[in-house]
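What follows is a set of notes on a single structure, which appears directly below.
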Amino acid sequence: QKEVEQNSGPLSVPEGAIASLNCTYSDRGSQSFFWYRQYSGKSPELIMFIYSNGDKEDGRFTAQLNKASQYVSLLIRDSQPSDSATYLCAALITGGSYIPTFGRGTSLIVHP
Amino acid sequence: DTAVSQTPKYLVTQMGNDKSIKCEQNLGHDTMYWYKQDSKKFLKIMFSYNNKELIINETVPNRFSPKSPDKAHLNLHINSLELGDSAVYFCASSRRGQVGYGYTFGSGTRLTVV
């Protein structure tokens with residue numbers, strides 16, 4: 001069974017710190033990975049997509065992928081209170097059904 | 001505005017009733033989805049349509065019936081509602097093959113069955 005695991009948190013970090021969110025997946029066929037941010041009462045929005053091993057940076061966000069260890073992480077530099085949200089990790093087997101499997105999300109709280 | 005729009009945003013109904021949720025996207029996407037998000041934030045795929053054709057039908061009670069009149073619309077009809085159906089239902093769309101763009105989600109419909 002394909003599973004994507006995330007620590008539900010909450011992860012609490014002070015403003016300005018680096019928030020590190022982790023995700024592991026069970027299906028070695030997973031090739032593409034997404035991070036979505038979901039504010040309370042809102043819909044998920046895509047913030048990062050990664051498919052190659054290594055790091056991918058976009059502004060304050062860095063996604064890291066290690067396929068050998070089957071984990072993907074999201075780093076948020078200079079965390080702001082506005083980053084407080086649930087972060088959902090999703091894994092996709094490219095060329096399959098194009099339906100990603102979502103983790104349960106990690107709640108991040110950035111306190112001033 | 002280009003978006004995925006769902007109606008209604010909130011739905012409170014009694015057990016045993018039948019209700020529908022509508023979804024429309026004007027993004028030109030060819031694939032649409034229904035997801036259920038439970039109280040623990042777990043997003044679970046229910047159905048997926050590509051160009052009006054059902055391509056994914058996960059283990060969902062047959063009280064749930066999706067309908068896609070065209071590739072811009074995907075509706076969800078639920079018969080004989082049960083307490084366990086209470087959740088947030090998200091419609092989403094994507095362009096098949098353009099994996100990197102992920103999904104665009106609608107704003108969700110919070111269904112409460114009493």
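Bear in mind that the values here come from a model prediction, so they are computed numbers and not experimental data. A, B, ... follow the sequence lines: proteins, then strands. Residue 1 opens every chain.
The environment of B/K67 atom NZ is sparse: at most 12 non-hydrogen atoms of other residues, nucleotides or ligands sit within 6.0 angstrom. Taking a 6.0 Å sphere around NZ of A/K42, one finds it holds 12 or fewer heavy atoms contributed by other residues, nucleotides or ligands.
Only the side chain of B/I45 has a heavy atom closer than 4.5 Å to any heavy atom of chain A. Neither the backbone nor the side chain of A/Y51 comes within contact range of chain B; no heavy atom of the residue lies under 4.5 Å from a heavy atom of that chain. Only the side chain of B/D38 comes within less than 4.5 Å of a heavy atom of chain A; its backbone N, CA, C and O stay farther away. Heavy-atom distances place the side chain of A/F49, and not its backbone, under 4.5 Å from chain B.
With hydrophobic clusters built from ILVMFWY side chains whose heavy atoms lie under 4.5 angstrom apart, B/F47 shares a cluster with B/Y89. In the hydrophobic clustering of ILVMFWY residues, with side-chain heavy atoms under 4.5 Å counting as a link, B/M46 and B/Y49 come out together. Hydrophobic clustering (side-chain heavy atoms under 4.5 Å, transitive across Ile, Leu, Val, Met, Phe, Trp, Tyr) groups B/M15 together with B/L76.
Nearest heavy atom pair, residue B/Q37 against residue A/L88, reads NE2-CD1, 4.5 Å.
Identified by a heavy-atom distance below 4.5 Å to chain B, contributing residues of residues 5-20 of chain A are lacking entirely. Of residues 102-114 of chain B, those residues lying under 4.5 Å from chain A by any heavy-atom pair are B/G102, B/Y103, B/F105, B/G106, B/S107.
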| task | Kindly determine whether B/F90 and A/Q38 satisfy side-chain contact (heavy atoms from CB on, under 4.5 Å), including the steps that lead there. | result | CA-CA 12 Å; B/F90 284 103; A/Q38 186 175 23; 3.5 Å; yes
